[in-house]
Amino acid sequence: MNVLITGGNGFIGSHTCVELIEAGYDVIVMDNLSNSEGENVKKIEKITGKKLCFYNTDMLDYSGVDRIFKENEISGVIHFAGLKAVGESVEKPLEYYENNITGTINICKAMKENGCKRMVFSSSATVYGTSGKVPLVETLPTSATNPYGFTKVMIERILKDLCIADPEWSVMLLRYFNPIGAHESGVIGEKPKGMPNNLIPVISKVAMGEMPYVMVYGNDYNTPDGTGVRDYIHVADLAVGHIKAMEYLLSHKGSEAVNLGTGKGTSVLEIIKAYENACGKEIPYKFVKKRSGDVAVCYADTTKAKELLGWEAKFGIERMCIDSWRFTQKK
Ligand code: UD1
């Protein structure tokens with residue numbers, strides 16, 4: 001079965017490609033390489049020993065997208081492509097809305113045109129906005145605090161409406177919590193361009209001596225140690241979740257939103273400690289003021305993923321940090 005992976009050269013996309021290929025799917029990757037180096041495609045081939053069909057195509061280019069469907073019989077799409085930096089989205093809202101939303105509409109139009117109506121969409125726990133009610137359950141209302149988050153909220157809405165209008169569509173909206181870690185081979189992992197914003201890429205840079213310390217945003221949250229609590233999930237677990245979602249869509253129509261998290265919260269200081277254990281070095285840190293838009297605590301209710309997909313995360317934060325460190329040293 002041919003599956004098109006948009007954004008397949010990126011962090012979560014590349015891990016999902018590996019899992020799909022190992023599960024026997026034929027994978028076609030479409031990526032414009034805007035936020036990743038093209039090398040992940042080669043690395044996926046190295047890990048799996050299989051040649052990949054790769055298109056360097058921008059999703060804003062409708063005819064380019066349509067051509068991929070015309071040249072291949074595609075049974076399902078896993079849609080990762082999109083801009084994803086929160087701060088940048090505040091500075092460049094038009095770019096974010098145009099790229100993420102128009103791009104997704106182009107993909108859906110090309111799918112419809114070519115008779116493919118099955119999509120797994122890469123959404124985010126960011127759609128819970130500042131709800132504050134934990135664990136976060138799929139039935140909560142959605143909202144956002146920045147343009148990046150609103151693109152996820154809007155795309156979820158567009159895809160739901162598509163399923164309402166045409167009962168032939170099947171869509172899974174996967175709401176990821178905080179994906180970290182790397183493939184156990186150390187060959188693929190997270191490699192953000194420019195200065196990192198997310199916690200693990202920052203800790204990795206400090207561990208490598210490329211940054212002096214971690215700035216811990218806030219130590220007076222209402223949490224056990226005062227620092228922010230998140231639901232970190234191993235990217236390899238997340239990748240398996242996509243396969244389960246695609247399998248589910250093979251026999252179900254309509255749309256569903258499902259959380260992919262571990263259901264367990266970990267503080268910034270606990271993550272720093274786990275990373276110190278993984279790399280055998282001290283990770284210096286300093287408390288600084290809170291980052292605007294951050295919530296105190298965010299973790300998933302994982303019941304629906306278990307019940308609907310039969311999926312559950314396997315790895316804990318120790319393993320996530322060990323795999324992340326292995327990749328960081330190799331890159
Ligand atoms: C962020 C995005 C979210 C996106 C997710 C993707 C924001 C507000 N949210 O989630 O929309 O889906 O990344 O992975 O940016 N921290 C520090 N120091 C740092 C970096 C982070 O203390 O240098 C803290 C944060 O305050 C937070 C935790 O570490 O408590 C995790 O932060 P981060 O990795 O940026 O993820 P989120 O903010 O949860």
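The figures here come from the full heavy-atom set of this structure, side chains too, leaving out hydrogens, waters and symmetry mates. The residues of the chain are indexed from 1 along the displayed sequence. Read the numbers this way: they start at 1 and go in the same order the structure lists the ligands and their atoms.
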Open item on the list: For Tyr176, state whether at least one heavy atom is located under 4.0 Å from any atom of ligand 1.
Closed with: no
Open item on the list: Show every side-chain hydrogen bond (donor to acceptor under 3.5 Å, both in side chains) that has at least one partner inside residues 243-254, sequence neighbours left out.
Closed with: none
- [ ] Apply ring-ring contact (aromatic ring centres under 6.0 Å, His included) to the pair Phe80 and His242, showing each step before the final yes or no.
- [x] CA-CA 11 Å; Phe80 293 101; His242 290 77; 5.0 Å; yes
Starting from [atom], which protein heavy atom do you reach first, and at what distance in Å?
{"atom": "atom 12 (O) of ligand 1", "result": "Ser124 OG, 3.2 Å"}
{"atom": "atom 6 (C) of ligand 1", "result": "Asn198 ND2, 4.2 Å"}
{"atom": "atom 20 (C) of ligand 1", "result": "Asn197 O, 3.4 Å"}
{"atom": "atom 25 (C) of ligand 1", "result": "Asp294 OD2, 3.4 Å"}
{"atom": "atom 38 (O) of ligand 1", "result": "Arg291 NH2, 2.7 Å"}
{"atom": "atom 36 (O) of ligand 1", "result": "Asn178 ND2, 3.1 Å"}
{"atom": "atom 19 (C) of ligand 1", "result": "Tyr217 CE1, 3.3 Å"}
{"atom": "atom 2 (C) of ligand 1", "result": "Val86 CG2, 3.6 Å"}

Task: ligand 1 atoms in contact with Thr126 (distance to a heavy atom under 4.0 Å) - done: 11 (O)
- [ ] Tell me, please, which residues at least two apart from Lys46 pass side chain to side chain contact (heavy atoms under 4.5 Å, CB included).
- [x] Val187
Open item on the list: Taking distance alone, with N or O pairs closer than 3.5 Å, would you say Leu199 contacts ligand 1?
Closed with: yes
Task: Any N or O of Met215 closer than 3.5 Å to N or O of ligand 1 - done: yes
Open item on the list: Test side chain to side chain contact (heavy atoms under 4.5 Å, CB included) on Cys116 and Val77; report intermediate values, then the result.
Closed with: CA-CA 8 Å; Cys116 172; Val77 175; 4.3 Å; yes
- [ ] Applying side chain to side chain donor-acceptor pair (under 3.5 Å), run through Asn2 and Ser75 and close with a yes or a no.
- [x] CA-CA 6 Å; Asn2 283 336; Ser75 305; over 6 Å; no
Task: Close side-chain approach of Val171 and Leu162, heavy atoms under 4.5 Å - done: no
TODO: Measure the CZ-CG distance between Arg67 and Asn72 for me, rounded to the nearest 0.5 Å.
DONE: 9.5 Å
Task: Spacing of Ile200 atom CD1 and Ser324 atom OG [to the nearest 0.5 Å] - done: 5.5 Å
Open item on the list: I need the contact type for Tyr232 against ligand 1. Using non-hydrogen atoms and a strict under-4.0 Å cut-off, is it side chain, backbone, both or neither?
Closed with: side chain
